[in-house]
Amino acid sequence: MSTLRGSGVSPGIAVGPALVMERDAAPIFRLAIPPERVEAELQRLEQALLASREQLRAVKERLSREVGAPHAYIFDAHLLMLEDPLLRERAAAIVREEKVNAEWALRAVSESLHALFSQFSDSYLRERSTDLDDVIGRVQLNLRGSSEAPSLSRLPGPVVLVAGDLTPSEAAELDWERVLAIVTDVGSSTYHTAIIARSLGIPAVAGLKDATRQILPGSLLVVDGSRGEVVVEPSGTALDGFRVAQEQYRREEERLRGTRALPARTPDGVLVRLEANVEFPEEAATARTHGAQGIGLFRSEYLLGRGLRWPSEEQQLDVYRRLLEQMHPHPVTVRTWDVGLEALGPSGPSSPNPALGERALRLLRRSPDPFRVQLRALLRAGLHGPVRIMFPFVSGMADLRAALALLEEAKAGLRAEGLEFGQDVPVGVNLEVPSAAVIADLLAPEVDFFSVGTNDLIQYLLAVDRTDPRVSGLYEPLHPAVLRTLAQVARAAQASARPLSVCGEMAGHPLQALLLVGLGYRELSMAPTAIPRVKGALRAVAAAELRGLAARCLELPTCEEILELVLRELPGEALASEGRREPGLGA
Ligand code: PEP
Ligand code: MG
């Protein structure tokens, strides 16, 4: 038994076998092969090598025919690599000795051959490592084509998924029904996969650094997402203890869900609107069962899926309409595409630092079509219920005006085509870039509402990469600069009478949610599963008290002092529903 520690990013406890994934061109899983299946696995490897040889021969022949034999020589080198015992026999030996799947064995061979190639002093030989990738990539593809190959959308049974990283598009493809828990080397609580795990109520621990190396495939894991721990091969007694804790957690969840019909009202009568953040349309049902009064953030880019294909206007209209129907009579706020350059195609330019580069509205000038299609679908969805359009990553008036101009263009286009649409669909800004937050008063006349994206706001204000576990200790939602910016935004929204919400992860953390209410926020949007806990906390403290507390926090110079004051002043029952320490949300 050993214990790995990271940050708990989605609470709860799960027990199950590890499925280890590594990403190559596509994800590669490391599977334990039972001794009686080793021969069959060797056959799979042999078949894939054979298929690769046939394909390479065919390519070589075609090339010789079409462009001449001299150009086809490179494929001779590829064929030789394929036959080389360093590849072929070594891979088979790994399958046999380590009892792992062929994909994983090939990956190990590839790593050792790359290490060997990098030592060559001859640059021609060194560069052959690209050919090696090509050859091994082909064999991997052929293995993937075989019917037993697992994939993200076809997991081999209920598993704890252990991955280095899990991108949003991979998360979109994942067979979540078979995921008991998620364990990742990178990431922190505002990491998108963590956000989804929380939404779905699946325990997750992130930022474990080298879990993919330390955890053997098939080993039994206990994932405690509340404490941020992963226990590998637990002893019998430890396992019994975890089962008891798991049952307690389940009962507490059930009790909290029972508060669904209760209003989120403070004892002095202040009502707070609690909405849900969702990534997948199917989550609307969970939002409802947890008492959400609307969808405060639909991260629409998840509709692109792993293939990064833009959905058509009709496909989108269908999704937005269904969301509105499911949430009726509550509003649904759809955030327009928050994607990077990669969504425009693999052959285009790339950004050296995507978090600060060309993304979201900044892509509009380069490629307005996907935005136009989305705005048309959203305007048309306005006929089916209270949909709201939210623009992300606005950094100033120019971005906002460009987006608003496109919206007007979309309306004119619909009118010209005689297509009906909602006449008063509210349009708002996701305040998440500090420059926009600072000029919220200037942006206000142009928009109908604001929603603060604290995940990015904190990242940019404090210059802390939200996905990098090495600096996650510096990601501090209670930093004085964060609280002061939030207070300033609340004042600007009040002065201009613009509805204001928070849709970052702060809203789903009871202690931080209480401070937000103290700062004047009356709408909070969070992972559906966080709603009951936040509601429990709100029902325990008067808003007037929170206002006084927030005002005192705004005078303090450090997060530590702010946290200390809040913990001292808030009544125990306000944080009772927080249960064990909430997953790593900074303070
Ligand atoms: C945010 O930045 O706070 C937010 C809600 O959006 P995302 O987490 O998708 O960046
Ligand atoms: Mg954001």
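Indexing begins at 1, ligand by ligand and atom by atom, following the structure's order. Just so it is clear, the model here is predicted, and its values are computed rather than measured.
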*For the Mg ion (ligand 2), which N, O or S atom of Asp456 is at the shortest distance?*
OD2

*Derivation and outcome, salt bridge (charged side-chain N to carboxylate O under 4.0 Å, His left out), residues Glu314 and Arg321*: CA-CA 10 Å; Glu314 295 304 322; Arg321 200 193 55 227; over 6 Å; no

_Could you identify the single nearest non-hydrogen protein atom to atom 6 (O) of ligand 1 and state the distance to 0.1 Å?_
Arg335 NH1, 2.9 Å

*Electrostatic pair Arg533:Glu253 at N-O distance under 4.0 angstrom*: yes

*Using heavy atoms and a threshold below 4.0 Å, how should the contact between Thr454 and ligand 1 be classified: side chain, backbone, both, or neither?*
backbone

*Which ligand 1 atoms are under 4.0 Å away from a heavy-atom of Arg299?*
4 (C), 5 (C), 6 (O), 7 (P), 8 (O), 9 (O)

_One residue to check: Leu297. Relative to ligand 1, which of side chain, backbone, both or neither has a non-hydrogen atom less than 4.0 Å away?_
side chain

*asked:* Yes or no: does Met526 have any heavy atom under 4.0 Å from an atom of ligand 1?
replied: no

*Under 3.5 Å, is there a donor-acceptor pair between the Glu561 and Thr558 side chains?*
yes

*asked:* If we count only N and O atoms by modelled type, under 3.5 Å, do the side chains of Asn430 and Ser451 hold a donor and an acceptor together?
replied: no

*Relative to the ring of Phe280, is the ring of Trp176 parallel (under 30°), tilted (30 to 60°) or perpendicular (over 60°)?*
tilted

*Please work out whether any backbone atom (N, CA, C, O) or any side-chain heavy atom from C-beta onward of Arg466 is under 4.0 Å from ligand 1, and answer side chain, backbone, both or neither.*
side chain

*Can an N or O of Leu457 be found at a distance shorter than 3.5 Å from an N or O of ligand 1?*
no

*Where ligand 1 meets Glu432 - atom numbers and elements under 4.0 angstrom, heavy-atom basis*: 1 (C), 2 (O)

*Of the protein's non-hydrogen atoms, which lies at the shortest distance from atom 5 (C) of ligand 1, and what is that distance?*
Cys503 O, 3.4 Å

*Identify whether NZ of Lys or CZ of Arg in Arg359 sits under 6.0 Å from the centre of the six-membered ring of Phe393 and within 45° of that ring's axis.*
yes

*Answer yes or no: does an N/O atom from Asp456 fall short of 3.5 Å to an N/O atom of ligand 1?*
yes

*asked:* Restricting to N, O or S, what is the name of the atom of Glu432 that lies nearest the Mg ion (ligand 2)?
replied: OE1

*For Asp210, look at atom CG and say whether over 12 heavy atoms of other residues, nucleotides or ligands are found less than 6.0 Å away.*
yes

*Pair Gln459, Asp456: side-chain N/O donor-acceptor within cut-off below 3.5 Å*: yes

